Protein chains: 2
Amino acid sequence: MARRGSYAKGIAKREEILNTALAIVARVGYSRATVRELAQAVGLSQTGLLHYFGTKEQLFIEILRRRDEVDGQVLDGVATTGGGPLDLAKAVTALQRRNTQVPGLVQLYSRFSSEAAEPGHPAHDFFRDRYRSITSGGASAISEQQQDGTLPADLDAERLAVIVFALIDGLQSRWMYDSEIDMADHLAYFWSLLGKREAAAEDEGEQGTRPTAPAQPPSHTW
Amino acid sequence: MARRGSYAKGIAKREEILNTALAIVARVGYSRATVRELAQAVGLSQTGLLHYFGTKEQLFIEILRRRDEVDGQVLDGVATTGGGPLDLAKAVTALQRRNTQVPGLVQLYSRFSSEAAEPGHPAHDFFRDRYRSITSGGASAISEQQQDGTLPADLDAERLAVIVFALIDGLQSRWMYDSEIDMADHLAYFWSLLGKREAAAEDEGEQGTRPTAPAQPPSHTW
DNA sequence: GTCTATATATTGATAGAC
DNA sequence: GTCTATCAATATATAGAC
């Protein structure tokens with residue numbers, strides 16, 4: 001993109017828009033999140049908003065990217081076992097619990113990803129890459145935990161990673177129809193079925209956001 | 001609905017439309033499955049098609065109902081262990097393998113169900129009820145297998161049922177982005193993690209449609 | 001029952017002024 | 001950078017003839 005005018009200001013405004021849009025979508029969901037509606041919510045005209053993102057799809061992609069970033073930061077503070085490897089069970093369970101608070105985002109993800117499944121869709125590559133990324137990241141985490149002894153060594157890390165993230169998606173789809181079902185609880189139960197488990201079991205009840213380790217460990221960007 | 005004119009003929013035509021539409025959608029997917037397109041495919045005008053189903057949503061609901069019926073019939077011939085209870089692992093694995101052959105239907109299900117997650121959507125109740133139905137059916141099957149000894153007795157049948165069907169949905173979402181991943185294989189692997197397993201393991205390789213038992217057992221309509 | 005023609009409603013995108 | 005005004009593309013639904 002050509003940089004003219006106040007470059008820094010443009011970025012800042014973009015950030016501001018993104019954060020607001022993220023909050024709006026989280027509340028009103030996908031259907032009402034038209035470009036017009038979003039523009040109005042951030043105090044811009046439709047054209048003004050599109051000026052920053054070009055198309056609706058690009059805007060939504062950026063929203064989801066931002067969400068992933070935020071989630072990654074949350075993970076850093078909650079899912080590392082005292083400087084050890086990422087505790088995947090703890091991580092995904094925490095994120096799933098978090099999702100309960102932002103139904104609109106869950107809906108955005110569900111609908112947008114299902115639409116973009118079509119090969120020619122502008123967001124197709126984004127989701128494809130994201131899937132691969134989280135799967136490979138998840139598989140790595142599992143492998144580390146296996147060496148660590150916190151997960152059984154005979155598990156197929158790659159296949160398990162695919163299964164875990166598929167389960168997460170599926171639970172969200174289900175939850176949208178029945179908010180009574182506890183996504184985090186089901187996820188924790190799944191981990192408990194894997195045999196040996198350290199952290200997954202202790203994460204049953206409340207949604208306490210106790211900062212286990214306020215250190216500054218590596219950022220898990222997926 | 002008021003019955004006038006040839007009632008039987010109306011039903012027959014409806015059936016014919018449904019079967020054709022099912023095949024069309026299975027091939028072209030959701031986006032191209034507009035009422036117009038579907039109407040043309042069955043040799044009717046848009047209005048002519050809508051005459052039978054009222055709205056697009058109703059049409060799609062009926063298509064999915066029909067699909068479930070067909071799937072249920074398939075199950076009857078493949079997933080019963082010699083007159084015993086339904087082998088859930090075998091059943092869902094077989095269905096998942098079947099889904100590989102009808103990408104358009106997988107897409108229809110994914111997109112339509114994500115759209116209908118919105119509370120006011122015409123198809124919301126259909127999916128809600130369907131989820132409940134398959135979950136309760138799945139939980140029953142698991143319970144029976146536990147008594148039967150083909151599944152560990154300490155499993156939480158209800159929670160496991162939710163997990164299984166969520167996993168199925170999630171694998172489909174993933175598969176649309178990466179048709180290389182073997183849904184049935186991952187599903188089978190999941191079952192293998194549950195400890196004791198009888199039938200799930202033998203279902204690894206090919207997609208042979210050998211009719212294990214050509215009997216006429218009870219129909220599993222979920 | 002089925003068709004033609006049309007109404008209606010949305011929405012994302014663009015042109016061009018300021 | 002931002003806005004007003006407008007375009008253009010769908011797609012569903014309906015009116016009314018045959």
Side-chain angles (χ1 to χ4, degrees), chain A residues 1-18 20-21 24-25 28-63 107-108 111-112 115-116 118 120-124, chain B residues 1-18 20-21 24-25 28-63 107-108 111-112 115-116 118 120-124:
Chain A
M1 302 198 179
R3 66 195 68 172
R4 44 178 148 174
S6 175
Y7 189 59
K9 186 190 172 188
I11 296 183
K13 183 77 179 178
R14 219 182 113 104
E15 290 299 282
E16 181 198 324
I17 292 173
L18 226 39
T20 307
I24 299 292
V25 172
V28 308
Y30 187 73
S31 296
R32 269 192 286 175
T34 77
V35 177
R36 267 189 179 78
E37 205 76 23
L38 248 27
Q40 176 183 337
V42 301
L44 279 180
S45 73
Q46 189 201 198
T47 337
L49 177 55
L50 248 24
H51 169 74
Y52 290 97
F53 299 94
T55 68
K56 180 200 182 191
E57 281 79 22
Q58 208 53 44
L59 168 60
F60 282 149
I61 289 176
E62 296 303 329
I63 289 179
Q107 200 191 336
L108 166 64
R111 291 193 56 175
F112 196 40
E115 280 177 17
E118 202 113 22
H121 193 283
H124 186 83
Chain B
M1 301 195 180
R3 67 194 68 171
R4 45 179 147 173
S6 175
Y7 189 59
K9 186 190 172 188
I11 296 183
K13 184 76 180 176
R14 220 179 113 103
E15 289 299 284
E16 181 197 326
I17 292 173
L18 227 38
T20 307
I24 298 293
V25 172
V28 308
Y30 187 72
S31 296
R32 269 191 287 173
T34 75
V35 178
R36 262 190 184 78
E37 205 76 22
L38 249 28
Q40 177 183 335
V42 300
L44 279 180
S45 73
Q46 188 203 197
T47 337
L49 177 54
L50 248 25
H51 169 72
Y52 289 96
F53 299 93
T55 68
K56 180 200 181 189
E57 282 78 21
Q58 208 53 45
L59 168 60
F60 282 148
I61 290 176
E62 297 304 328
I63 289 179
Q107 201 192 335
L108 166 64
R111 291 194 56 175
F112 196 40
E115 281 176 18
E118 203 113 22
H121 193 284
H124 185 84

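Predicted model, so just to flag it, every value in this text is computed and none were measured. Chain A is the first sequence line, chain B the second, and so forth, proteins listed ahead of strands; every chain is numbered from 1.
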How many Å lie between CD on A:Gln40 and C1' on D:dC3, as a whole number? 15 Å
In whole angstroms, the gap separating C1' of D:dC3 from NZ of A:Lys13 amounts to 13 Å
Roughly, in whole Å, what's the span from CD in A:Glu37 to C1' in C:dT11? 12 Å
How close or far is atom P of D:dA13 from atom OH of B:Tyr52, stated in whole angstroms? 18 Å
Is it true that the side chains of A:Tyr52 and A:Gln58 contain a donor and an acceptor less than 3.5 Å apart? no
Nearest-angstrom distance from the residue atom NZ of A:Lys56 to C1' of D:dT10: 13 Å
Do B:Phe112 and B:Glu57 come within less than 4.5 Å of each other through their side chains, counting heavy atoms only? yes
May I ask you to decide whether B:Glu118 forms a salt bridge with A:Arg111, counting only side-chain N to carboxylate O separations under 4.0 Å? yes
Taking atom C1' of D:dG1 as reference, at what distance in whole Å does atom CD1 of A:Ile11 sit? 15 Å
Could you check whether the side chain of A:Thr34 and the base of C:dT10 have a donor-acceptor pair of N or O atoms closer than 3.5 Å, going by distance alone? no
Could you state the CD-P distance from A:Gln46 to D:dA8, rounded to the nearest angstrom? 16 Å
Looking only at the aromatic ring of each residue, does the gap between the centers of B:Tyr30 and B:Phe60 stay below 6.0 angstrom? yes
Protein-nucleotide distance (A:Leu50, atom CG; D:dT2, atom C1'), rounded to Å: 13 Å
Of B:Leu49 and A:Glu57, the one whose closest nucleotide on DNA chain C sits nearer the 5' end is B:Leu49
Ignoring hydrogens and angles, does a donor from either the side chain of B:Thr47 or the base of C:dT4 sit under 3.5 Å from an acceptor on the other? yes
For DNA chain D, whose closest nucleotide is more 5', that of A:Arg36 or that of A:His51? A:His51
